[in-house]
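Before anything else, here's the structure in question.
Naming convention: chains lettered A, B, ... in sequence-line order (proteins, then strands); numbering from 1 in each chain.
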Amino acid sequence: MIRFVLSRVAQTLAVLFIASLIIFALMRMIPGDPVLMLLGDDYTEDAYQQLRARLGLDRSIVHQYVFWLRNVLQGDLGDSLLQHERVSRLVWEAFVPTLTLVVASLVVGVLIAVPSGVVAAQRKDSAWDWGSMGFAIFVYSMPAFWKGIILIWIFSVHLRWFPAMGYVPPWVDLWDGLWKLALPAITLGTFFSGLVARIIRSSLLEVLEQDYIKAARAKGVRQAALVYRHALANALIPVVTIIGLQFGALLGGAVLTETVFAIPGMGRLTVNAILNRDYSVVQGTILAGVFLVVLVNLAVDVTYAFLNPKIRVA
Amino acid sequence: MTAETILDVRDLTVDFHLDGTVLRAVDGISLSVRRGEIVGLVGESGAGKSLTSEAILRLIRCPPGRITGEVRFRGRNLLDLDEDALSRIRGREIAMIFQNPAGSLNPVFRVGAQLHEAMALHLDEPRPALRARVVDILARVGIPAPRTRARDYPHQFSGGMAQRVMVGMGMSCVPALLIADEPTTALDVTIQAQVLALIRQLARETGAAVLLVSHDLGIISQMCDRVIVMYAGRIVEQASIATVFGAPAHPYTRALVDCLPRVDGVERLGTIGGVMPGLRALPPGCRFHPRCPIAEPRCSVDVPALRALTPDHRAACHLARPGA
Ligand SMILES: Nc1ncnc2c1ncn2[C@@H]1O[C@H](COP(=O)(O)OP(=O)(O)OP(=O)(O)O)[C@@H](O)[C@H]1O
Ligand code: SF4
Ligand SMILES: [Mg+2]
């Protein structure tokens with residue numbers, strides 16, 4: 001287990017290194033001279049050379065990369081060209097609502113996916129199966145903005161149960177926070193549940209055929225314990241991997257969902273930064289996104305190993 | 001003096017309803033097991049041995065399966081019980097172990113925990129007492145360092161050790177009947193003998209009866225008092241070990257006996273020509289007639305009934321004669 005974790009950590013570091021190279025290269029390939037852009041109307045040849053030197057842009061590309069990486073590792077992502085604010089601060093402030101939304105959606109998704117996947121597997125080929133799997137495909141394939149708008153239309157405009165937009169951190173005001181988070185989390189969570197429910201169904205169907213299930217039944221384990229303890233404990237192992245693989249898609253979905261519900265998260269920050277050509281902010285958001293996805297994958301792999309005794313105790 | 005009958009199966013039939021057709025995999029089987037006795041169920045692969053034994057505990061998924069007949073256990077028909085009542089009998093009064101020991105243990109739970117669960121389901125004992133019994137049982141079935149091994153996972157056990165655990169688990173609630181479906185088929189020959197000896201020893205100590213399923217008449221002859229021979233979903237002969245070897249009445253049983261390697265080397269190894277018919281192409285009349293060396297014209301028309309030749313000997317063959 002320790003060896004496995006160490007090797008995965010090493011892999012993760014390698015991936016992050018390569019990602020940093022790509023991000024760095026992309027930033028250098030963007031047309032336009034950042035020095036010119038920074039100087040704007042204050043341009044003089046002297047000032048140009050001075051600023052160029054100050055930014056280290058007169059050095060070799062390798063030197064520039066090392067310099068950049070060192071700053072990034074210290075949490076210094078530079079300054080926003082437009083907002084006169086540290087990029088790291090902007091990114092962090094946008095990151096928290098996004099992560100809150102993603103976590104809430106994971107919870108909603110799992111709460112929907114587990115029962116519907118289990119019901120579908122247990123009553124394979126019944127109306128329950130068709131119904132819950134049809135629902136899964138439906139909510140999975142419906143675009144986030146459309147689903148969001150429909151939810152707003154039903155639950156905020158007509159029923160007035162939930163607010164249509166806004167964000168309050170749940171740890172500042174739990175009820176208000178959760179209340180405002182409900183519709184976005186359902187929008188994104190159903191997408192996720194649609195995927196996971198189908199995985200749980202097929203994984204559970206496979207597990208229920210295994211000899212140890214028959215053996216457990218033969219020793220007197222009742223149906224509910226058989227499904228929810230014996231079978232699900234095995235069937236959920238691959239689901240953890242899927243969560244990891246789909247985390248990037250979930251982040252992408254979060255960006256869309258935020259836009260619909262006006263949540264001040266990474267989505268809004270990135271979109272605005274791109275529209276304003278605020279490159280250092282774009283770079284910061286990409287960096288944070290990559291970092292998060294890679295870390296989540298590491299966490300998922302470690303969890304997988306932990307859940308699977310064949311890897312944990314080897 | 002005959003002991004009390006604990007299991008009495010009558011006219012047991014297992015059908016599978018698959019895409020419009022009905023496959024009859026077990027066709028009207030009747031058998032009984034008395035207290036403390038070891039009964040063998042023998043037959044070729046596909047004869048319906050596993051389905052028969054699983055039908056007793058209703059472990060076959062229905063639908064597509066359908067079980068009819070009667071499975072009387074201590075007077076109650078198990079086919080009439082609801083799932084809840086049935087789960088109080090499974091593992092408590094009738095235990096079952098399977099062919100694939102490595103796959104019979106849940107890979108994500110510790111071996112000790114699974115043993116613990118088997119007892120906690122049925123025995124009203126405090127946790128510490130059960131935990132102590134887990135270690136006891138592992139020691140009894142010959143697992144070295146039982147205290148540490150209880151915390152191991154199934155993949156850390158060899159097939160032989162896993163099957164010992166399964167035997168120990170099966171016997172943990174002192175059932176009246178242990179059904180062992182090919183318990184040693186997946187194991188090495190030397191390990192086979194150990195596991196069989198363990199089954200016999202525990203059965204003797206607890207007074208449990210055993211229904212031992214095997215395709216190997218050699219194993220059956222070492223373990224059992226009585227033998228039931230199955231062919232293509234039906235019982236063809238039922239007799240004591242001595243009768244089966246001394247005076248088998250059914251040509252199929254004779255062929256099985258002839259196939260056994262003899263220790264004394266007197267007779268040569270025989271083989272049975274042909275293969276057992278599949279469920280989709282069962283021949284009319286006696287199902288053995290395409291392979292039977294002494295078949296007569298009526299054999300392909302009339303189904304031979306299972307007739308008593310002596311009170312303890314039954315055979316389903318037109319040519320079987322009492323005392324033959
Ligand atoms: N779920 C099922 N659906 C359809 N047919 C089945 C099913 N299970 C078993 N059968 C068929 O029933 C017949 C008897 O199967 P069974 O497993 O009882 O044989 P067996 O005597 O135990 O053989 P083996 O030595 O291979 O274990 C076989 O022809 C098998 O193909
Ligand atoms: S009934 Fe006929 S075919 Fe069947 S075993 Fe007897 S002799 Fe052979
Ligand atoms: Mg079998």
Quick one: what part of Ile237(A) sits under 4.5 Å from any heavy atom of chain B, side chain, backbone, both or neither?
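Contact with chain B is through the side chain of Ile237(A) alone.
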Interatomic distance, Leu59(B) atom CG to Ile213(A) atom CD1 [nearest 0.5 angstrom]:
12.5 Å
Take atom CZ of Arg140(B) as the centre, draw a 6.0 Å sphere, and report whether it contains more than 12 heavy atoms from other residues, nucleotides or ligands.
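Not buried by this count: 12 neighbours or fewer within 6.0 Å.
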Less than 4.5 Å apart, any side-chain heavy atom of Arg217(A) and any of Arg90(B)?
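Yes, side chains in contact.
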Could you tell me which of Ile89(B), Leu105(B), Leu57(B) has the largest number of non-hydrogen atom pairs under 4.5 Å with chain A?
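Of the options given, most contacts go to Leu105(B).
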More than 12 heavy atoms of other residues, nucleotides or ligands under 6.0 Å from CD of Glu205(B): yes or no?
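Yes.
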Check whether any side-chain heavy atom of Arg88(B) sits under 4.5 Å from a side-chain heavy atom of Arg222(A), and report yes or no.
yes
Verify the neighbour count for atom CZ of Arg72(B): are there more than 12 heavy atoms of other residues, nucleotides or ligands below 6.0 Å?
yes
Side chain, backbone, both or neither of Leu121(B) within contact of chain A (heavy atoms, under 4.5 Å):
side chain
Contact origin within Asp84(B) toward chain A - heavy atom pairs under 4.5 Å
both
Exercise: do His230(A) and Glu117(B) side chains pair donor with acceptor under 3.5 Å:
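A pair is found: one side chain offers a donor N or O, the other an acceptor, under 3.5 Å apart.
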Distance (rounded to the nearest 0.5 Å) between Asn308(A) CG and Tyr153(B) OH:
10.0 Å
Region of Ala216(A) in contact with chain B, defined by heavy-atom distances below 4.5 Å
neither
Quick check: do Val108(B) and Leu307(A) have side-chain heavy atoms less than 4.5 Å from each other?
no
Is Phe291(A) atom CZ crowded by more than 12 heavy atoms from other residues, nucleotides or ligands, each under 6.0 Å away?
no
Interatomic spacing from CZ in Phe98(B) to NZ in Lys214(A) - rounded to 0.5 Å
6.0 Å
Taking all atoms of both residues into account, what is the closest heavy-atom pair of Pro107(B) and Asn234(A), and its distance?
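Residues Pro107(B) and Asn234(A), closest heavy atoms: CG-OD1, 3.3 Å.
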Residues Glu209(A), Arg61(B): salt bridge by 4.0 Å N-O rule
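Salt bridge between Glu209(A) and Arg61(B), a charged N being under 4.0 Å from a carboxylate O: yes.
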Between the side chain of Lys219(A) and the main-chain N/O of Gln114(B), is any donor-acceptor distance below 3.5 Å?
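Yes; at least one donor-acceptor contact below 3.5 Å.
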How many angstroms lie between atom CG of Asn106(B) and atom CG of Leu226(A), to the nearest 0.5 angstrom?
9.5 Å
For Val207(A), is it the side chain, the backbone, both or neither that has a heavy atom under 4.5 Å from a heavy atom of chain B?
neither
For a quick test of reading the model, state the closest non-hydrogen atom pair linking His155(B) to Pro309(A) and the distance between them.
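Where His155(B) meets Pro309(A) most closely, the heavy atoms are CE1-O, 3.1 Å.
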